[in-house]
Structures are given as structure tokens and as C-alpha cells.
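For reference, positions follow the sequence shown, starting with 1.
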Amino acid sequence: MADQVSIDMRGPHSRMDAEAVVETLDQLLKTIVELEVAQVRGALKAPRSRWRFTNLGLGSLHATLAPLKVEESSSEAILDVAALRLVKGFAVAETEDVIPEGWTPTAVRRGRTLANGLKHHLPDGVTLTLVRNGEPVPDVPTARVTSEVAVHLKNALDVRQESIGSVVGMIGSINIHRRSVAGLWPERGGSRLEVTFNAEDLDAVRAALGQRVLVAGRLKRNGAGQIVRLDMRTLELLPTDHESLRELYGLDRELTDGLSSLEYLRTVSDKP
């Protein structure tokens, strides 16, 4: 059974603003979907798995979310990680001005919107608990989301340091609705980075979609030293690891009796 997320909105339900409750649940779902998408590299279509209520009650308001339909490009394991990162991330954001582990800037903004909306309508906040087999997971802290969390998440995206640098990775997405932003998966691991680029670079970025690249520009970091975004100046296509190996084959066929480097090394290793 997949992990679930228990949600408690405190306060008498008779005085709760129904629209605010629905909006809070909507932002919560959008955040957990973003944490799912953030794990899937190179998918032709970003997964948007669906969630269901396994429990919904009043008193205050209590609900439990569980996966309903898992997209083909996702998996139950990915959704388990998304649920874990949702709860642990909000728990971290109770006290720290950092981007939680596995959170993208988009997830941080979703979480901030959720927390910020609690100030007037749900001042007692929302409690999130990771549940497994009907019981809270003991080594995962419960998160209490209040408007204070919005302050920490805002600070997590505030740029405090700038430097010139570059990142090698794969461009997995492009968004030009409000501003020109690409999603870059760092080759060394970590969450998807936001790369901003100028309109005149759109064709080059599109051509690099799904490719291994080196993006250079201004690295913007928060107070904790985490990269908030990369403002692109140059984009260079790089060979894949497979292509890099292929370039080494048979640099001098006369030295390898016409064999590729790999084939020649195999014959040498077989000799007594």
C-alpha cells in the first residue's frame, strides 16, 4: 500500500471558510504533484498522478490523501517519495529559510501560497502527517503549516549571493507563459534548476530540449548557499556519455589491427 498524507485543519468546522479550505487542499495537491514531477527526468510528458480521499471527516477537518491513479511515467515509489518530501519539507520550513530537499522553486512557491492563505481563514494552521499502513511513520516529523511557514519559504527564494558559473545537465522543460524559463536537471544530481533565458535564445533552448548541455551565466543563491536560479548567458550542447566513448574508438586503426579501441582492449585482456 502506498504511503498517505494525513491532513488536519484545526478549528470548529462551522466557522471555517469553505472556499479557503478548498483552496488550501488545492494548493496542497499542486505541491505534491510538483514534487512528483521533480523526480521524473526526461519523460516525454510530465506525470500528473491523481490522488483520492481515503478519509474525510469534520470536527475540525480531517482528511487523508492517497494515490488514485498513477501515471505511466511515474510509479508508486515516486509518489511515496513525493508524500515524504511534502511532509518533511513543510516541517523544515517551520524554522528554516532553505529550499527543502527535493523541492523545486515551483514547489516552494506552491507551498508559500498555501501557507500564506492560512493567515486569515485558518489561523490555527494545517497539520500534515505521513501515514503508512494506517499508522504515522515514526521517523518522519509531523509538519504544522502556518502563515509563518510562508515567511521562511519566501526567504528561501530570496537571492542573497551572485556569482558567475556553469552547470552541466539535461534540459527537460521549457515555459514561456510569463517569462522564459527552462528546467535543467543537474548531471551531478539534485532538484531541477530554473534557468532563465532571453527571448532571442528560445530557438537554441528548444533545440537543446532533452539534450546534455552546459549552461553558463549568473548563479543566484539564497542565504543558505542553495542555487535559486541560473540566468543563462551561453548554452553549449555536449556529447552524451555514449557519444564520448564512441569518439575514443579506433583513434588509430593501424595500431589496433582495424579494431575499435574497445574491441582491441578485449582481445588484449583475453591474452595470457
Side-chain angles (χ1 to χ4, degrees), residues 5 23-51 65 71 73-74 78-79 81-93 96-118 126 128 143 145 147 149-160 167 169-186 189-197 202 205-206 208-210 215 217-232:
V5 179
E23 175 64 21
T24 299
L25 291 173
D26 179 58
Q27 290 299 330
L28 189 67
L29 285 166
K30 288 178 178 177
T31 305
I32 200 169
V33 166
E34 173 61 20
L35 294 175
E36 174 194 7
V37 172
Q39 298 177 67
V40 183
R41 295 176 178 237
L44 294 177
K45 180 181 178 183
R48 290 289 191 277
S49 298
R50 295 183 178 276
W51 294 74
L65 285 177
E71 289 290 334
S73 57
S74 187
I78 285 176
L79 296 184
V81 173
L84 172 67
R85 288 178 173 175
L86 179 80
V87 177
K88 289 183 71 173
F90 273 119
V92 167
E96 299 183 45
D97 298 344
V98 298
I99 300 173
E101 181 182 358
W103 285 46
T104 62
T106 299
V108 173
R109 295 187 193 100
R110 298 284 192 198
R112 178 188 170 195
T113 299
L114 184 157
N116 203 43
L118 301 175
V126 176
L128 303 176
V145 187
S147 57
V149 167
V151 177
H152 291 296
L153 291 178
K154 174 186 178 299
N155 293 340
L157 293 184
D158 283 347
V159 175
R160 301 295 177 86
V167 178
M170 184 198 74
I171 292 183
S173 63
I174 301 174
N175 190 326
I176 56 173
H177 291 304
R178 294 184 179 178
R179 55 187 182 133
S180 299
V181 180
L184 178 69
W185 291 102
S191 300
R192 187 181 69 239
L193 298 180
E194 283 190 356
V195 177
T196 60
F197 58 92
L202 177 58
V205 174
R206 277 179 172 162
L209 189 62
V215 182
R218 297 197 68 86
L219 292 169
K220 308 293 182 78
R221 301 178 184 269
N222 60 17
Q226 297 170 302
I227 298 176
V228 174
R229 72 174 186 273
L230 169 56
D231 293 345
M232 188 184 85

- Query: Only one of N155, L157, L153 forms a side-chain contact (heavy atoms from CB on, under 4.5 Å) with D97, so which one is it?
  - Reply: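 The option that passes is N155.
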From [X] atom [atom1] to [Y] atom [atom2], the distance as rounded to the nearest 0.5 Å:
| X | Y | atom1 | atom2 | value |
| --- | --- | --- | --- | --- |
| H152 | R112 | NE2 | CZ | 13.0 Å |
| T113 | L118 | OG1 | CG | 11.0 Å |
| L128 | L114 | CG | CG | 8.0 Å |
| Q27 | N116 | CD | CG | 10.5 Å |

Can you name the closest pair of heavy atoms from [X] and [Y] and give their distance?
| X | Y | answer |
| --- | --- | --- |
| Q39 | W185 | N-CH2, 3.9 Å |
| A143 | V87 | CB-O, 3.4 Å |
| L35 | A82 | CD1-O, 3.7 Å |
| A38 | G102 | CB-O, 4.1 Å |
| A156 | V228 | O-CG2, 3.9 Å |
| L79 | E36 | CD2-CD, 3.4 Å |

- Task: Let me see the working for V167 and L219 under side chain to side chain contact (heavy atoms under 4.5 Å, CB included), right down to the final yes or no.
- Result: CA-CA 9 Å; V167 178; L219 292 169; 4.1 Å; yes
- Would a distance-only check, ignoring hydrogens and angles, find a side-chain to backbone donor-acceptor pair under 3.5 Å from W103 to R85?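 Checking the backbone N and O of R85 against the side chain of W103, a donor-acceptor pair under 3.5 Å is found.
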- Backbone N or O of E71 within a donor-acceptor pair of the S49 side chain at under 3.5 Å?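 Here the side-chain-to-backbone pair exists.
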- Message: Using the rule given for side chain to side chain contact (heavy atoms under 4.5 Å, CB included), can you reason through R192 versus V37, listing the C-alpha separation, both sets of side-chain angles and the distance that settles it, and then say yes or no?
- Response: CA-CA 10 Å; R192 187 181 69 239; V37 172; 3.9 Å; yes
Show me the donor-acceptor pairs within less than 3.5 Å that the side chains of residues 169-184 make with the rest of the protein, sequence neighbours left out.
| residue | atom | partner | partner atom | Å |
| --- | --- | --- | --- | --- |
| S173 | OG | G183 | N | 3.4 |
| N175 | OD1 | H177 | N | 2.9 |
| R179 | NH2 | E194 | OE1 | 3.0 |

- Task: With the side chain counted from C-beta on, respond yes when L29 and L65 share a heavy-atom pair under 4.5 Å apart, and no when they do not.
- Result: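 Yes; the side chains approach each other to less than 4.5 Å.
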- Indicate yes or no: at least one non-hydrogen side-chain atom of L193 is less than 4.5 angstrom from one of L230.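 Sidechains of L230 and L193: no contact.
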- Message: Is it true that, when you exclude K220 itself, more than 12 heavy atoms of the residues, nucleotides or ligands shown sit nearer than 6.0 Å to its NZ?
- Response: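 Enclosed.
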- Message: Evaluate V205 against M232 for side chain to side chain contact (heavy atoms under 4.5 Å, CB included), listing each step before the verdict.
- Response: CA-CA 10 Å; V205 174; M232 188 184 85; 4.0 Å; yes
- Query: Would L86 and L28 satisfy side chain to side chain contact (heavy atoms under 4.5 Å, CB included), going step by step from the backbone distance to the final call?
  - Reply: CA-CA 9 Å; L86 179 80; L28 189 67; 4.0 Å; yes
- Query: Ion pair present between R109 and E34, side-chain N to carboxylate O less than 4.0 angstrom?
  - Reply: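 No.
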- Query: Taking only residues two or more places apart in sequence or in another chain, which ones pass salt bridge (charged side-chain N to carboxylate O under 4.0 Å, His left out) with D26?
  - Reply: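 Per chain and number, D26 pairs via salt bridge (charged side-chain N to carboxylate O under 4.0 Å, His left out) with K30.
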